[in-house]
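Here's the structure we're looking at; comments come further down.
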Amino acid sequence: MKIEKLTELQIRAMSEVADAWLAHGLATGPADRTEAEAGVAVRTSSTARSST
């Protein structure tokens with residue numbers, strides 16, 4: 001099924017979602033190093049498993 005037109009609700013939601021992601025991408029606050037390292041470890045282990 002191909003979407004031909006967005007609803008008014010979807011159009012309004014796009015702006016809110018874009019604003020949220022823009023704020024996230026431009027954030028300069030301190031990073032959570034523990035969470036970042038855990039994310040890298042998960043990605044590294046899944047990559048290692050898929051390449052063997």
Item to check | Contact list for residues 13-30, test side chain to side chain donor-acceptor pair (under 3.5 Å), sequence neighbours left out | outcome: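 Residue pairs with at least one partner in residues 13-30: there are none.
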
Item to check | Atom CD1 of Ile3: over 12 foreign heavy atoms under 6.0 Å | outcome: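 Atom CD1 in Ile3 is not crowded, with 12 or fewer foreign heavy atoms closer than 6.0 Å.
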
Next on the checklist: Could you check whether atom CD of Gln10 has more than 12 heavy atoms from other residues, nucleotides or ligands sitting under 6.0 Å from it?
Outcome noted: yes

Item to check | Atom pair CD (Glu8) and NZ (Lys5), whose distance is rounded to the nearest 0.5 Å | outcome: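 So the gap between those two atoms works out to 7.0 Å.
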
Checklist outcome for this item: dist Glu37:CD -> Thr44:OG1 (nearest 0.5 Å) comes out at 11.0 Å

